[in-house]
There are 2 protein chains.
Amino acid sequence: MNSQHFSTKERILGAAEQLFARLGFAGASLRQVTAAANVNLAAVNYHFGSKENLINEVFRRRLDELNTHRLQALEEALSHPESDLEELLGAFINPALDLSLDRDGGGAFVRVLARAYAEHNDALRKFLSDNYGHVMKRFHAAFAQRLPDLDKEELYWRLDIVAGALTYAMADFGVIKRKSGVTEQQHRERSAEHLIRFAAAGLRAP
Amino acid sequence: MNSQHFSTKERILGAAEQLFARLGFAGASLRQVTAAANVNLAAVNYHFGSKENLINEVFRRRLDELNTHRLQALEEALSHPESDLEELLGAFINPALDLSLDRDGGGAFVRVLARAYAEHNDALRKFLSDNYGHVMKRFHAAFAQRLPDLDKEELYWRLDIVAGALTYAMADFGVIKRKSGVTEQQHRERSAEHLIRFAAAGLRAP
DNA sequence: GTAGCATTCAAACGCGCGTTTTACCTACGA
DNA sequence: TCGTAGGTAAAACGCGCGTTTGAATGCTAC
């Protein structure tokens, strides 16, 4: 993994993603990261300035793509007028699922994201809110249109629950063990199906 | 806080809970913990043996009580035959809510618990499964009785989603900001109400 | 070929970590 | 009154941390 035909920066980002997912931001050291990336220790500070900044770049690399895909999927769903709640939920959930299934680190990244949630880091929250808040607003508007009887604030609460359950499901927090013969991909796909069904009913609750 | 009329052990546990919630297990140092607890640095290793063991004791102290309360609430709900899905969900969710509202550290503990989920620590998972797996089995049986048409495995998935969303909600992961004039208690209480409504509908989904 | 720049490298910096050691205090039963 | 055990105290242990330094190397343009 992280073989030589990737650049030093890319190898560091990939190794950092893996190790942050496994050990946490405080738990993974730059010595472990650079060893896994097969680069010199000083390369992190040379290319990224600091560990803090490396963490930010790990997020930026994936989140830009994720949210672009989410908005594309939403527009696609909205473009044909017969789209139902499940399709809108799919536009939100499936890009995250796809990311988690992406070879080379997507699965690790969703765990990193879950850790970031748990860290409750204010700086990161602001970063997420500033950079990706408009995505949630866009989805909120779309859901509000499909659920005209639902109070706007109530909808915010419910979307927040959906986002939480999604994070939880993608990061494989749950107690449900993957059965032998079921790949990680299949496990996550089923997880997403269950989640969409569950969330659609939850959003429609009176 | 952690004033002198608590024992050294209790002050360490309280301070550790607070700091683990805020900084994580790797992020909070024993020097910070002992300073906050106003005890000597060596007291942790004297009373608990190691940092690792201190972490375990932080969990044990709260989880025994939580699961006892959950099972009591479940029996109470089942005792009157008219109990509906919302009551069963309340038996699962409200003890966690009460714990999170407990003065002296319950609020911190639910965040510690959320961190533990995110850590994906195998030893901890086994500990939780061994010690508290029977609680989930008991709830599963109760829900299965109320939802006879729902496939058993489907129910496991959905309860897992509920547990995830609950963890997320109690730990205040969400992006929903607490409005000024709303206490943390009120915020969490509303969170629980929304969650019960949402989850009940989700569980009833066809 | 060589100057100039970007990158890599080994080594070291000071610091804070978990843990251990050793001495000291205090209370209580013999 | 003294010995002893339980608890607390300060100091130090070795280690791994993030970061910095300065020299060595590779690459590109002239």
Side-chain angles (χ1 to χ4, degrees), chain A residues 1-61 112 115-116 119 121-124 127, chain B residues 1-61 112 115-116 119 121-124 127:
Chain A
M1 129 167 68
N2 294 313
S3 55
Q4 302 296 345
H5 54 268
F6 289 105
S7 73
T8 297
K9 282 184 83 163
E10 285 166 335
R11 271 183 286 149
I12 291 173
L13 284 170
E17 190 171 62
Q18 298 285 338
L19 286 163
F20 288 155
R22 187 135 30 95
L23 305 171
F25 304 112
S29 75
L30 294 187
R31 280 165 178 81
Q32 290 175 290
V33 169
T34 52
N38 203 25
V39 302
N40 186 270
L41 169 60
V44 170
N45 287 279
Y46 177 77
H47 287 286
F48 297 96
S50 66
K51 184 180 184 179
E52 182 75 21
N53 223 65
L54 169 61
I55 294 172
N56 287 339
E57 289 307 310
V58 166
F59 280 102
R60 194 188 311 279
R61 182 170 72 137
V112 173
R115 275 190 186 270
E119 302 262 329
N121 182 306
D122 281 339
L124 179 67
F127 172 79
Chain B
M1 132 169 59
N2 292 314
S3 54
Q4 301 297 346
H5 54 268
F6 289 105
S7 73
T8 296
K9 281 185 84 163
E10 285 167 335
R11 273 182 285 148
I12 290 173
L13 285 170
E17 189 172 62
Q18 298 286 338
L19 286 163
F20 288 156
R22 187 135 29 97
L23 305 171
F25 304 112
S29 76
L30 294 188
R31 280 166 178 80
Q32 291 174 290
V33 169
T34 51
N38 202 26
V39 303
N40 187 270
L41 169 60
V44 169
N45 287 280
Y46 178 78
H47 286 286
F48 297 95
S50 67
K51 184 180 184 179
E52 182 74 21
N53 223 67
L54 169 60
I55 294 172
N56 287 340
E57 289 307 310
V58 166
F59 280 103
R60 194 186 312 278
R61 184 171 69 138
V112 173
R115 276 189 185 268
E119 300 264 329
N121 182 305
D122 281 340
L124 179 67
F127 172 79

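This is a predicted model, so every value here is computed, not measured. Computed over heavy atoms, backbone and side chain alike; hydrogens, waters and symmetry mates excluded. Numbered from 1 within each chain, the chains take letters A, B, ... in sequence-line order.
Phosphate contact (OP1/OP2 of dG16(C), side-chain N/O of S29(B), threshold under 4.0 Å): absent. Between N40(A) and the phosphate of dT7(C), there is no side-chain N or O to OP1/OP2 separation shorter than 4.0 Å. Side-chain N/O atoms of T8(B) include none lying less than 4.0 angstrom from OP1 or OP2 on dG7(D). Look at H47(B) and you won't find any side-chain N or O under 4.0 angstrom from OP1 or OP2 of dG6(D).
Between L41(B) atom CG and dA9(D) atom P the separation is 11 Å, expressed in whole Å. If you take CD of E52(A) and C1' of dC17(D), they are 15 Å apart, rounded to a whole angstrom. One atom, NZ of K51(A), and another, P of dG16(D), lie 15 Å apart when rounded to the nearest Å. Per the geometry, CD1 belonging to I12(B) stands 12 Å off P belonging to dG7(D), to the nearest Å. Rounded to an integer number of Å, the gap from CG of N45(B) to C1' of dT20(C) is 8 Å.
The side chain of R31(A) lies closest to dT19(D), out of dT19(D), dT8(D), dT19(C). Comparing dG18(C), dT19(D), dT20(D) against the side chain of L30(A) picks out dT19(D) as the nearest. Among dT7(C), dG6(D), dT19(D), the nucleotide with an atom closest to any side-chain atom of Y46(A) is dT7(C).
Between F25(B) and K51(B) the shortest side-chain heavy-atom distance does not fall below 4.5 Å. No side-chain heavy atom of F48(A) sits under 4.5 Å from any side-chain heavy atom of N56(A).
Atom-to-atom distance recorded for Q32(A):CD and R22(A):CZ is 8.5 Å, nearest 0.5 angstrom. One finds the CZ atom of R115(B) at 11.5 Å from the CD1 atom of I55(B) (value rounded to the nearest 0.5 Å).
Where Q32(A) and A43(B) each meet DNA chain D at their nearest nucleotide, the meeting point lying more 5' is that of A43(B).
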